Enquirer: 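First the structure, then my questions, so here it is.
What you see below is based on every heavy atom in this structure, not just the backbone, and it leaves out hydrogens, waters and symmetry mates. Quick caveat: nothing in here was measured; it's all calculated off a predicted structure.
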Amino acid sequence: MVSGVLTLTTFLCSSSTSLYDSKRLTKLQNRSCATLRVQCSNSNPDLPLTTEKLQNDGYMTGGAYDFQRATTSLTNQSISSSKKVTLVRHGLSSWNEERRVQGSSNLSVLTETGVRQAERCRKALENIYFDQCFSSPISRAKSTAEIIWQGKEEPLVFLDSLEEAHLFYLEGMKTVDAKERYPKEHATWREDPANFNVNGIYPVRKLWGTAREAWREILFSPGESFMVVTHKSILRALICTALGLPPERFRAIDINNGGISVFNFNKRGEAMLQSLNMTAHMYGDHVYLY
């Protein structure tokens, strides 16, 4: 039995193609056929790929032609064009390593491992063109974004709406200490996060509103392809709000350090999840093309 990371790459072909300008890679026009190629990452590169060619008057790879009204619009009005948004979680931080509650604290910084993970993200995404990169201004995400975005002409855009959830007195505490000192609050945070509150403030519920604000800021920006670098909890909120899931589904989504997720948005501001928590690049020299 052969095991390994599955790489799914879609190639479009036609009799008429044109190239992007110097800022872009390849843009295919008048698409008339598609080739689906599947290869295990640890298989022999000399072996032929499993290839299926599909002939049709339109683009067809087994994916959806359209996803109108599949989800609720995040913008409540039309946007300038369809968009692709790539979400990246920051690399391993010092408080990740120490198993401390991070929240919105700016004291947790990238470790050497986190820096290497950010570099792997940069390499994995080097063939993807991005119009802009949005990042949380908090240190561990900011540093990750700076590594991934280095050498780009466009400046990084820092959004307060991409900051991590504020967890009050739990921030900075080791998980084992928080569990011992605040057993009831810690249990609620772990088991029923939507109802975790401090003095009537519900961080996760508040995060849902912040995520919607972030989506509007991103989707109304000029361009068609964006990168977003931020934190685990706000990423959960971004993904759930895009899919129409409530705060009670907060822990239904998990994102690893350096994990990459991809959304497509139509002109109505409706989302379709293309990829969730891709991590093949963390275990080898995997380069994405989508």
Enquirer: Is there a side-chain contact between Leu110 and Leu92, using heavy atoms and a 4.5 Å cut-off?
Expert: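 They are not in contact (no side-chain heavy atoms under 4.5 Å apart), so the answer is no.
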Enquirer: Has Glu180 got more than 12 heavy atoms of other residues, nucleotides or ligands less than 6.0 Å from its CD?
Expert: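 Counting neighbours around CD of Glu180, 12 or fewer heavy atoms of other residues, nucleotides or ligands fall under 6.0 Å, so no.
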Enquirer: Hey, is the main chain of Glu270 close enough, under 3.5 Å, to the side chain of Asn266 for a donor-acceptor pair?
Expert: yes
Enquirer: Salt bridge (Lys or Arg N to Asp or Glu O under 4.0 Å), that's the test. Do Arg116 and Glu119 meet it? Break it down for me.
Expert: CA-CA 5 Å; Arg116 289 194 296 271; Glu119 290 170 344; over 6 Å; no
Enquirer: Quick one: which of Leu207, Val204, Leu167 gives a side chain to side chain contact (heavy atoms under 4.5 Å, CB included) with Ser233?
Expert: Leu207
Enquirer: Could you tell me whether the side chain of Ser108 and the main chain of Trp95 form a donor-acceptor pair under 3.5 Å?
Expert: yes
Enquirer: Indicate yes or no: does Glu154 engage Lys152 in a salt bridge with an N to O separation below 4.0 Å.
Expert: no
Enquirer: What heavy-atom pair brings Ala118 and Thr144 nearest, and what distance separates the two atoms?
Expert: CB-CG2, 3.9 Å
Enquirer: Specify whether His281 and Tyr288 have parallel, tilted or perpendicular ring planes, treating 30° as the upper limit for parallel and 60° as the lower limit for perpendicular.
Expert: perpendicular
Enquirer: For residues Met173 and Arg181, determine if any side-chain heavy atom of one lies less than 4.5 Å from a side-chain heavy atom of the other.
Expert: yes
Enquirer: Would you call Arg100 and Thr175 a side-chain contact if the rule is heavy atoms closer than 4.5 Å?
Expert: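 No, every pair of side-chain atoms sits at 4.5 Å or beyond.
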Enquirer: For the residue pair Arg251 and Trp189, would you count it as a cation-pi contact if the rule is NZ or CZ under 6.0 angstrom from the ring centre and within 45 degrees of the ring axis?
Expert: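 Here Arg251 passes the 6.0 Å and 45° test against Trp189.
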Enquirer: Using side-chain heavy atoms (C-beta onward) and a distance below 4.5 Å, is Leu276 in contact with Ile255?
Expert: yes
Enquirer: Taking side chain as C-beta onward, heavy atoms only, is Ile79 less than 4.5 Å from Lys83?
Expert: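 The answer is yes, as the side chains (C-beta and beyond) meet within the 4.5 Å cut-off.
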Enquirer: Check whether Asn106 reaches the backbone of Ser139 with its side chain - one donor and one acceptor, N or O, closer than 3.5 Å.
Expert: yes
Enquirer: Quick one, Asp254 with Arg236, criterion side-chain contact (heavy atoms from CB on, under 4.5 Å). Give me CA distance, side-chain angles, the key distance, then yes/no.
Expert: CA-CA 7 Å; Asp254 198 18; Arg236 282 171 159 166; 3.6 Å; yes
Enquirer: For the pair Arg205 and Glu248, evaluate salt bridge (Lys or Arg N to Asp or Glu O under 4.0 Å) and give the outcome as yes or no after the intermediate values.
Expert: CA-CA 9 Å; Arg205 295 183 184 278; Glu248 288 76 14; 3.1 Å; yes
Enquirer: Are any non-hydrogen side-chain atoms of Val176 and Arg99 less than 4.5 angstrom apart?
Expert: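 No - every pair of side-chain heavy atoms lies 4.5 Å or more apart.
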Enquirer: Would you call the rings of Phe134 and Phe226 parallel, tilted or perpendicular, taking 30° and 60° as the class edges?
Expert: perpendicular
Enquirer: Does NZ in Lys232 sit with more than 12 non-hydrogen atoms of other residues, nucleotides or ligands closer than 6.0 Å?
Expert: yes
Enquirer: Phe250 versus Phe196: any side-chain heavy-atom pair under 4.5 Å?
Expert: no
Enquirer: Evaluate the side-chain contact (heavy atoms from CB on, under 4.5 Å) criterion for residues Ile234 and Ser136: first the C-alpha distance (whole Å), next the side-chain angles of each, then the deciding distance (0.1 Å), finally the verdict.
Expert: CA-CA 10 Å; Ile234 183 64; Ser136 161; over 6 Å; no
Enquirer: Ser82 versus Phe265: any side-chain heavy-atom pair under 4.5 Å?
Expert: no
